[in-house]
Amino acid sequence: MNDRYLEFTHSPFGKSLASMLGLPTPPRLRRADAPWADRPLEATPVVLGGDSGAALAAPLLKALSGMGAILRIVPEHAGLAPIKAAAAQMSVALAGNPAPDSGEPRSQALVFDASGVASPAQLREVYDFFQPLVRNVPGNGRILVLSRAPQSCIDVGRKTAATALRGFVRSLAKEVGKNGTTCNLIEVETGGEGWLDAPLRFFLSVHSAYVSGQLLTVGAHAKATAVALPGSLQGKTALVTGAARGIGAAIAEVLAREGARVIGMDHPSQEGALGETMAKIGGRGLALDVTAPDAAERIAAETEGLDIVVHNAGVTRDKMLRNMTPQQWDMVLNINLAAILRINEGLLKKGLNGGARVVCISSIGGIGGNAGQTNYGATKAGVIGYVDAMAETLAQRGGAINAVAPGFIETQMTAAMPVGPREVGRRINSLSQGGLPQDIAEAVAFLASPAAAGVNGRTLRVCGQNWFGA
Ligand code: NAD
């Protein structure tokens with residue numbers, strides 16, 4: 001469904017009316033229209049900073065220069081020693097960040113390695129870096145902070161400071177969203193240093209346009225082999241449930257764009273729509289109810305080894321609990337949650353290739369809760385616990401399992417909402433607009449890649465930093 005208000009405020013008449021009346025103008029987000037690029041930041045200026053004990057300078061510089069970025073620093077900043085040392089060792093050039101009125105292109109991204117911050121006092125280095133720079137970030141800019149994951153900090157001061165960064169990032173994300181800029185945090189566990197390339201590529205590119213105010217934890221993965229993100233889905237076989245329309249169709253499309261062979265599955269009642277969606281992307285349809293007792297066996301029989309499984313099929317049957325029938329409870333629980341467990345259990349016995357990656361679709365409704373959605377909220381929260389519980393099982397096979405929690409996404413599901421709640425739902429986020437199915441699909445594709453091996457058992461919200469459940 002079209003966001004008519006956003007379109008209106010970007011028309012010449014709407015723009016002047018909105019400015020005259022002081023109405024908010026939601027930014028137009030820049031989204032991907034091509035597969036993951038080798039050098040997504042080619043000739044794009046990025047300002048780098050770090051605290052004086054920063055420990056991630058080497059993987060950070062390697063990733064950013066691999067992406068083609070022009071690396072800038074503000075020479076007066078304290079704490080640049082680790083970055084300068086890594087740059088010298090890797091023969092990477094660091095340029096000075098030009099003054100805003102110099103006529104030079106503005107820096108599109110600000111990246112700060114805060115992995116060495118050891119005390120509340122040292123958080124001042126974070127302030128000193130961002131405070132003068134933040135006002136000059138252009139539209140659709142990117143702000144990214146890297147920190148040591150609090151669970152990997154033994155020292156009280158380090159753990160306190162690392163946790164403080166979460167509040168910093170979430171607050172800054174709310175300040176910068178007006179022009180489409182996102183602000184996120186990558187928390188690195190001990191051993192996760194070698195898995196930073198793909199998360200950096202995701203967060204600093206157009207593929208994460210609707211992800212803001214989020215933290216993603218990157219950890220070690222003993223059984224995975226490092227691969228580059230671009231091209232990593234080429235030739236992979238992917239199953240997507242609920243693929244006939246909406247978010248599932250977009251996931252199928254983006255996986256196919258990245259070179260995967262897609263098998264789209266949907267309820268037999270949707271066979272026609274499924275066929276049309278699959279025809280558009282050269283995929284194959286499988287008309288099958290996810291709750292069928294033999295669903296896993298049928299999937300295994302119809303496919304020759306799956307590298308990627310995306311559990312997207314989902315329904316709502318909203319009623320206040322006092323009015324909810326057992327059928328409404330059972331249907332939502334069975335489709336949204338029990339079917340995921342049953343299908344995975346079967347596929348783990350037969351049907352999954354080694355290194356397989358599983359992505360489940362949760363919802364911010366499972367994080368914040370919603371009146372009238374006790375059934376739905378239970379399933380979507382259950383998905384978050386499930387991916388956490390299954391992470392080790394998948395890791396043992398060289399793979400991983402994660403969830404994506406969408407916020408308000410423009411689909412038939414949300415188009416069916418009454419106009420008042422729909423308009424509120426759409427605007428109460430830092431980017432003042434609903435996301436598109438593509439936004440969920442981009443996050444799923446990233447998590448479906450073997451390049452994201454360090455991300456396992458996590459839930460990534462794709463919600464424009466929806467204030468609901470934040
Ligand atoms: P949708 O209703 O447009 O699509 C859901 C698809 O799942 C449909 O094609 C449907 O036929 C299929 N499906 C339903 N029951 C099935 C079954 N038993 N077996 C096989 N397929 C079945 O919904 P959507 O908005 O695209 O949502 C996709 C997923 O994203 C769902 O899990 C939903 O809960 C989640 N989600 C959506 C939003 C949003 O704003 N749209 C927000 C949060 C989470």
Side-chain angles (χ1 to χ4, degrees), residues 1 3 210 239-254 263-278 285-296 298-299 309-318 328 330-340 342-343 359-370 373 375-384 386-387 403-417 421-422 424-426 428-429 433-441 443-444 459-464 466 468-469:
M1 169 159 201
D3 183 343
Y210 199 60
L239 177 85
V240 182
T241 71
R245 65 172 195 227
I247 292 172
I251 293 169
E253 195 178 324
V254 170
I263 297 139
M265 177 169 147
D266 211 298
H267 194 270
S269 63
Q270 302 301 313
E271 198 168 2
L274 179 65
E276 283 172 30
T277 306
M278 289 302 113
L286 175 58
L288 180 58
D289 186 338
V290 291
T291 65
D294 62 345
R298 289 271 313 274
I299 293 167
V309 179
V310 184
H311 292 284
N312 162 78
V315 292
T316 50
R317 287 294 180 274
D318 296 355
Q328 287 164 334
D330 289 345
M331 183 186 191
V332 173
L333 267 286
N334 284 336
I335 294 174
N336 295 9
L337 189 59
I340 299 177
R342 198 174 325 107
I343 290 174
V359 187
C360 303
I361 304 301
S362 173
S363 166
I364 59 165
I367 298 169
N370 212 2
Q373 289 200 319
N375 49 0
Y376 185 78
T379 63
K380 295 302 183 178
V383 162
I384 294 171
Y386 174 69
V387 300
V404 171
F408 182 101
I409 305 299
E410 306 282 357
T411 64
Q412 284 190 21
M413 204 185 241
T414 46
M417 288 167 73
R422 186 173 69 225
V424 172
R426 191 181 256 161
I428 54 160
N429 60 74
Q433 60 197 288
L436 300 183
Q438 182 191 351
D439 298 324
I440 307 306
V444 168
T459 296
L460 177 63
R461 286 175 61 147
V462 180
C463 63
N466 197 297
F468 176 68

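Because the structure is predicted, anything quoted here is derived from the model rather than measured. Every number for a ligand or one of its atoms is a count from 1 in the order of the listing.
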Answer yes or no for Asn336: is there a heavy-atom contact with ligand 1 below 4.0 Å?
no
Nearest protein heavy atom to atom 18 (N) of ligand 1, by residue and atom, and its distance?
Asp289 OD1, 2.8 Å
Spacing of Asn312 atom CG and Ile251 atom CD1 [to the nearest 0.5 Å]
4.5 Å
Which residue and heavy atom of the protein sit nearest atom 14 (C) of ligand 1, plus the separation:
Val315 CG1, 3.7 Å
Please report whether ligand 1 has a polar contact with Ser362, defined as an N or O pair separated by less than 3.5 Å (distance criterion only).
no
Hey, which atoms in ligand 1 end up nearer than 4.0 Å to a heavy atom of Ser363?
43 (C), 44 (C)
Looking at ligand 1, does any of its N/O atoms fall within less than 3.5 Å of an N/O of Gly246?
no
Nearest 0.5 Å, what's the OG1-NE2 distance between Thr241 and His311?
6.5 Å
Below 4.0 Å from ligand 1: does a non-hydrogen atom of Lys380 turn up there or not?
yes
Hey, could you give me the CG/CG distance between Asp294 and Leu288, rounded to the nearest 0.5 Å?
7.0 Å
Nearest protein heavy atom to atom 42 (C) of ligand 1, by residue and atom, and its distance?
Gly407 O, 3.1 Å
So the atoms of ligand 1 within less than 4.0 Å of a heavy atom of Gln270 turn out to be 11 (O)
Distance under 4.0 Å to a non-hydrogen atom of Tyr376: what atoms of ligand 1 satisfy this?
33 (C), 34 (O), 35 (C), 36 (N), 43 (C), 44 (C)
Going from CD on Glu410 to CD1 on Ile247, what distance comes out if it is rounded to the nearest 0.5 angstrom?
10.5 Å
So, the side chain of Asn375 versus the backbone of Thr379: is there a donor-acceptor pair under 3.5 Å, distance only?
no
Within this structure, what is the CE-CG distance for the pair Met331 and Asn336, rounded to the nearest 0.5 Å?
9.0 Å
Considering only protein heavy atoms, which is closest to atom 28 (C) of ligand 1, and at what distance to one decimal place?
Asn312 OD1, 3.1 Å
Of all heavy-atom pairs between Phe468 and Gly369, which one has the smallest distance, and what is that distance?
CZ-O, 2.5 Å
How far is atom 40 (O) of ligand 1 from its nearest protein heavy atom, and which residue and atom is that?
Ile409 N, 2.9 Å
So which protein heavy atom does atom 23 (O) of ligand 1 come closest to, and at what separation?
Met413 CE, 3.9 Å
So do Val383 and Leu337 actually touch side chain to side chain, heavy atoms under 4.5 Å?
yes
Judged by non-hydrogen atoms, does Thr414 sit under 4.0 Å from ligand 1?
yes
Identity and separation of the nearest protein heavy atom to atom 9 (O) of ligand 1
Asp266 OD2, 2.6 Å
Looking at every non-hydrogen atom in both residues, tell me the closest pair between Asp266 and Ala243 and how far apart they are.
OD2-N, 3.3 Å
Taking 4.0 angstrom as the limit and counting only heavy atoms of Leu288, give me the atoms of ligand 1 inside it, by number and element.
19 (N), 20 (C)
N or O pair under 3.5 Å between Val290 and ligand 1
yes
Step through the shown structure and confirm whether more than 12 heavy atoms of other residues, nucleotides or ligands are within 6.0 Å of CD on Glu271.
no
Using heavy atoms and a threshold below 4.0 Å, how should the contact between Ile335 and ligand 1 be classified: side chain, backbone, both, or neither?
side chain
Atom CG of Asp289 and atom CD1 of Ile335: how far apart are they, to the nearest 0.5 Å?
6.5 Å
Is Arg422 reaching over with its side chain to a backbone N or O of Ala415, donor-acceptor style, under 3.5 angstrom?
yes
Could you tell me whether ligand 1 has any atom less than 4.0 Å away from a heavy atom of Gly434?
no
Nearest to atom 21 (N) of ligand 1, what protein heavy atom do you find, and at what distance?
His267 N, 3.3 Å
